[in-house]
Amino acid sequence: MSAPEDTAIRTTEVIRRKRDGRELSRAEITHLVMGSVRGEIPDYQISAWLMAALIRGLSRAETAALTEAMLRSGEVLDLAEFAAAKVDKHSTGGVGDKTSLILAPLVAAGGLIVPMISGRGLGHTGGTLDKLESIPGFRVDLSLERFRQVLGACGCSMIGQTAEIAPADRKFYALRDVTGTIESSQLICASIMSKKLAEGIDALVLDVKTGSGAFMKTLEEAASLAELMVDAGQRMGTQTVALITDMDQPLGLAVGNSLEVRESIQALGGGGPADLRELSLELAAWMFHLGRRAGTLAEGKQLAEGLIRSGQALEKFREMIALQGGDPGVIDDPERLPRGKHRVDVPSPESGYVRKIECETVGTACVILGGGRERKEDSIDPAVGIVLHKKVGDQVSAGEPLATLDYNSPSRATLAKQRVAQSYAIGDRPVSARPLIHRVLGGASRP
Ligand code: URA
């Protein structure tokens, strides 16, 4: 990208203008993005701007300019060499949200190309790359050339941002993670859409989370984020659908990197928790539908079910793991995945029914165990995490375990155990869990 016409633009003024609630020009936004990528604007100035943007908000025009500047901070892939439709899915982030690990191999097993560029854990939410790296040897830092080779060989590949793909998001994402600047629908939109639109895909299914474990806590906030992203995708000529799905309790039972890989292997093999299976099938159905592999969503779902039943989906995961340097033996023997040295149960303080699980608190407990980052340079402990035994609506007796923690550090486990205990609310009457899918936006857009 050529130098922005920014010789007259001063970074401190751009920060002050946003702090004061003024609308920035496209040139000012490009100045920040490119200045950061080139190392000319230090992280502390970008962090200050991110906080101003979070508090003051960005207009539609600013969001579009930010998304585009971040997209153009790197390369936009051309995957025209693949005849099949290129489709992807991206989640806005949740707790126990491991559907990417299931969908990439599942949809590739159905004949579509899934070039998935994912992120790391952000705040209390888990990240696909951190989960994949818990598979011994698995490499997420492939070159774009190797990415294409893996796509050619097995139809799916899952990598992190390379230096070439949306490098601005890589920088901004890492800063947002540790500066309290995640929960902005405009920053989330720019972050996700810059990465996804750089993939050269034909269609994108967005999983926009809402509830106590999501960045967008209310349905209204989630809907406005979904609208922004569908709009950004369609403006750039990519068919984009957003499903607003529930994150008021963790998805599935496992929270934590290697534990989630284990649960994904179960789901690809036809088992695993019902909510995880249902959401994965629904998202796969949309991917097949938008990728013209299925005329209707019902057909898409049937196709996905068949690929799981026949073992093709799991086989595809094994293939991808091997091609990316990982140990494919984890498929048959998940004991090869790292596991915390110790385990401790979190007992229920009383008998009754689980009324609520404060989902962000469970995610934070996992971060405290070492499964996420509190500072940018922190490394992840892939082995630790939480397995829930009770979910909303389940009956429980006093003293029965609500969850089990897998841990390596006893002092961290003590703190995390308190958090998990606090996250559960027990009542004396049965309640039903909220629906898994709240709303679909942009679904009528398939030409
Ligand atoms: N996922 C992303 O890739 N970016 C965000 O900002 C939030 C979730």
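One-based numbering, in listed order, for ligands and for the atoms of each. Values in this document were obtained by computation on a predicted structure and should not be read as measured data. For the numbers below, each heavy atom of this structure counts, side chains included, while hydrogens, waters and symmetry mates do not.
Looking at K98, its side chain never comes within 3.5 Å of a backbone N or O of T128 through a donor-acceptor pair.
We find that K171 and D43 are joined by a salt bridge, their nearest charged nitrogen and carboxylate oxygen being less than 4.0 Å apart. Between D381 and R412 there is no salt bridge, since none of the side-chain N atoms of the basic residue sits less than 4.0 Å from a carboxylate O of the acidic one.
With atom 8 (C) of ligand 1 as the reference point, the heavy atom nearest to it among D177, I182, T92 is part of T92.
Within ligand 1, counting atoms from 1 as listed, the ones closer than 4.0 Å to a heavy atom of H90 are 1 (N), 2 (C), 3 (O). For ligand 1, the atoms sitting less than 4.0 Å from at least one non-hydrogen atom of S191 are 2 (C), 3 (O), 4 (N), 5 (C), 6 (O), numbered in the order shown with element in parentheses.
Residue contacts with ligand 1: K195 is placed with a nitrogen or oxygen under 3.5 Å of a nitrogen or oxygen of the ligand (distance criterion only). Taking only nitrogen or oxygen atoms, main chain and side chain alike, R176 reaches within less than 3.5 Å of ligand 1.
L122 CD2, 3.5 Å is the protein heavy atom nearest to atom 7 (C) of ligand 1.
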Discussion item. Run D275 and K391 through salt bridge (charged side-chain N to carboxylate O under 4.0 Å, His left out) and show every step you take.
Written reply: CA-CA 11 Å; D275 59 344; K391 298 224 4 194; 2.6 Å; yes
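Under 3.5 Å, the side chains of E23 and S59 contain a donor-acceptor pair of N or O atoms.
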